[in-house]
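Comments concern the structure below.
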Amino acid sequence: MNFKECNEYLDTLPLFTGSGEFTLNPVAELLQKCGNPHLELPPTVHVTGTNGKGSVVAYCSHMLENCGVRCAAFVSPVPPPGYHESLIVNCNVISEEIFCAAVNHVKKALEGTTKPADDQPPPPEYYSELISMNVLTSTKDIPPPSQFEILTAVAFTAVKMLFSKGMIDCFILEVGLGGRVDSTNIIPPPVVSVITSISLDHTGILGSTEEEIAREKSGIIKSGVQLVVISRNQNVAAKAVIQKIASQKQVDLQEAGEAVVENQYFPVTENLGISEAVVRKMLQAIGRDLPTGNSLSSPALMKQVATSFMTQGRLEAYSVEDAFIIFDGAHNPAAVESLCSSIERFYNDGKITRLVLLLALLSDKDIPSLCKSYRNLVNVVPSVIIPTAVDSKRALSHTDLADQLTAAGIPKGIVTPFQTIPAAVQRARTTTSLAPKTALVVTGSFYLLRTARQLLCQTDLPVKRVQL
């Protein structure tokens with residue numbers, strides 16, 4: 001398959017398979033067919049958490065690059081417009097050549113056209129720990145792998161290729177969902193496991209309390225991990241769970257504080273401090289010294305990250321004539337509150353004067369809490385809200401979302417729902433053009449971001465990435 005065909009192939013794969021009982025069996029079986037590339041990865045950082053995972057991956061990647069360390073990264077969810085963009089090499093998208101080679105290898109292995117070696121090695125020792133965690137089982141009734149499990153195998157195959165060719169020194173791996181039974185957790189013990197801030201999200205899968213969610217995410221802590229890094233500001237209940245599991249696994253735990261850097265790009269959070277701790281440990285693990293005069297965090301680094309491909313969907317802003325378009329995938333209470341605070345700050349600073357909110361949500365989110373945050377925002381910033389719906393069985397309909405917004409106290413007169421994303425985008429584009437310094441904010445779902453981005457970029461007007 002060529003490059004276009006590889007992306008099309010991945011797009012045809014099922015998002016979910018099996019009975020809904022999540023284990024690592026499908027990805028383990030697939031990786032065995034692929035030659036177990038996950039056992040030949042470079043020194044690795046494994047990152048989970050509710051919010052901040054992507055920021056930590058971006059910060060760490062740029063910090064390591066600035067230290068002369070060549071780094072690959074696998075990010076989730078897949079950013080638009082193609083699956084290849086989930087694989088990052090030295091802060092840039094992976095080459096089409098390596099991507100295609102990896103996809104073709106995995107597809108052939110999945111179809112049985114690549115015969116595995118006759119002398120298959122026994123399962124690695126750390127699999128016994130995964131078995132004890134009940135994420136690897138002895139059942140022979142293994143469902144076919146899902147899209148993300150196949151994409152994970154592609155990532156491991158590509159990274160193995162890069163490492164074997166001497167093109168990278170380390171690997172940063174972002175969890176897709178949770179941690180314990182996420183397909184990325186099939187890897188051997190990494191050098192560093194990172195758990196960013198934990199709050200309520202995906203409660204139907206991960207649990208209804210911070211403690212339950214922390215237990216799922218702490219599943220990436222394996223015996224043999226050299227260091228676990230968490231935020232000093234971690235939720236108290238979640239922190240207690242993480243500390244207990246790290247102690248049981250006899251793994252050192254470090255609480256990272258905030259690293260304050262003067263910058264105009266991001267409200268600095270603990271994610272920068274987490275990233276500094278991770279990079280210092282990785283430099284030690286691969287036998288490198290911190291270059292003289294490199295403090296890791298700096299205003300120059302913040303500018304790098306703010307304009308990086310790796311921060312797509314995270315306060316990602318563009319100017320279009322006198323207006324702005326902001327893409328942000330915030331979809332849980334903590335992330336939405338952070339987004340709303342940033343928009344309010346832009347308004348108070350005079351950078352924007354009006355807001356058009358193009359919004360879609362999945363039905364399994366904490367809709368009332370999210371709508372209250374939007375209500376508090378529109379009480380401050382003059383706004384129009386355009387609810388729509390993504391193409392998913394889990395989607396909240398455009399009319400139900402509109403009802404939830406008005407039930408939260410948002411005036412009905414500023415809420416105009418549209419059933420389809422193209423119609424909603426057309427209305428948002430028209431509304432945004434009515435006044436200068438209007439910000440069109442596309443948010444609520446990465447599914448929405450992917451489709452809306454393609455539609456909004458189909459314009460003759462100059463679109464330029466900026467920092468608000």
Side-chain angles (χ1 to χ4, degrees), residues 11 15 77-81 201-202 312-318 320 323-333 335-337 339-340 342-343 352 354-378 381-435 438-459 461 463:
D11 204 37
L15 293 178
V78 177
D201 195 14
H202 300 289
Q312 283 193 345
R314 297 171 179 88
L315 276 183
E316 176 194 357
Y318 295 86
V320 184
F324 299 98
I325 302 174
I326 299 173
F327 297 98
D328 195 293
H331 57 265
N332 60 59
V336 169
E337 188 62 35
L339 171 63
C340 291
S342 295
I343 295 171
I352 67 172
R354 188 165 171 266
L355 170 66
V356 177
L357 193 66
L358 178 56
L359 177 66
L361 295 171
L362 299 181
S363 59
D364 55 3
K365 303 303 176 185
D366 185 356
I367 307 297
S369 293
L370 303 185
C371 289
K372 288 178 183 177
S373 293
Y374 299 133
R375 178 200 63 199
N376 295 338
L377 175 63
V378 303
V381 183
S383 303
V384 172
I385 303 181
I386 302 175
T388 188
V390 298
D391 183 15
S392 169
K393 293 180 180 179
R394 298 161 56 208
L396 187 68
S397 75
H398 62 299
T399 52
D400 286 347
L401 178 52
D403 290 343
Q404 292 272 10
L405 290 165
T406 55
I410 294 174
K412 191 172 183 178
I414 68 170
V415 179
T416 306
F418 283 83
Q419 183 175 0
T420 68
I421 294 177
V425 166
Q426 181 57 44
R427 177 57 180 265
R429 180 184 281 142
T430 303
T431 307
T432 302
S433 66
L434 295 178
T438 297
L440 166 56
V441 177
V442 183
T443 189
S445 166
F446 282 100
Y447 298 102
L448 171 64
L449 265 63
R450 184 173 186 178
T451 304
R453 182 195 304 276
Q454 294 169 343
L455 295 170
L456 287 166
C457 288
Q458 295 174 3
T459 174
L461 299 175
V463 179

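Heavy-atom basis, side chains included; hydrogens, waters and symmetry copies ignored.
Residue pairs meeting the side chain to side chain donor-acceptor pair (under 3.5 Å) criterion with at least one member in residues 400-410, sequence neighbours excluded, are Ser397-Asp400.
Minimum interatomic distance between Lys372 and Ala408 (heavy atoms only, all atoms of both residues): N-CB, 4.2 Å. Residues Thr443 and Leu339 come closest through the heavy atom pair OG1-CD2, 3.4 Å. For the pair Pro333 and Ser369, the tightest heavy-atom approach, listed with the atom from each and the gap, is CG-CB, 4.1 Å.
Annotation: side chain of Val336 is in contact with side chain of Tyr374 (closest heavy-atom distance under 4.5 Å). Between Arg453 and Tyr318 the shortest side-chain heavy-atom distance falls below 4.5 Å. The shortest side-chain heavy-atom distance between Leu440 and Thr438 does not fall under the 4.5 Å cut-off. Contact of the Ile367 side chain with the Leu361 side chain is registered, since non-hydrogen atoms from C-beta on lie closer than 4.5 Å. With a 4.5 Å cut-off on side-chain heavy atoms, Arg354 and Val384 count as touching. In this structure, the side chains of Leu359 and Leu405 come closer than 4.5 Å at one or more pairs of heavy atoms.
For Ala407, the side-chain contact (heavy atoms from CB on, under 4.5 Å) criterion is met by no residue, not counting sequence neighbours.
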Show the atom names and distances, to 0.1 Å, of all donor-acceptor pairs under 3.5 Å that link a side chain in residues 409-416 to residues at least two apart or in another chain.
none

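Distance alone, capped at 3.5 Å, places no donor-acceptor pair between the Thr388 side chain and the Ala360 backbone.
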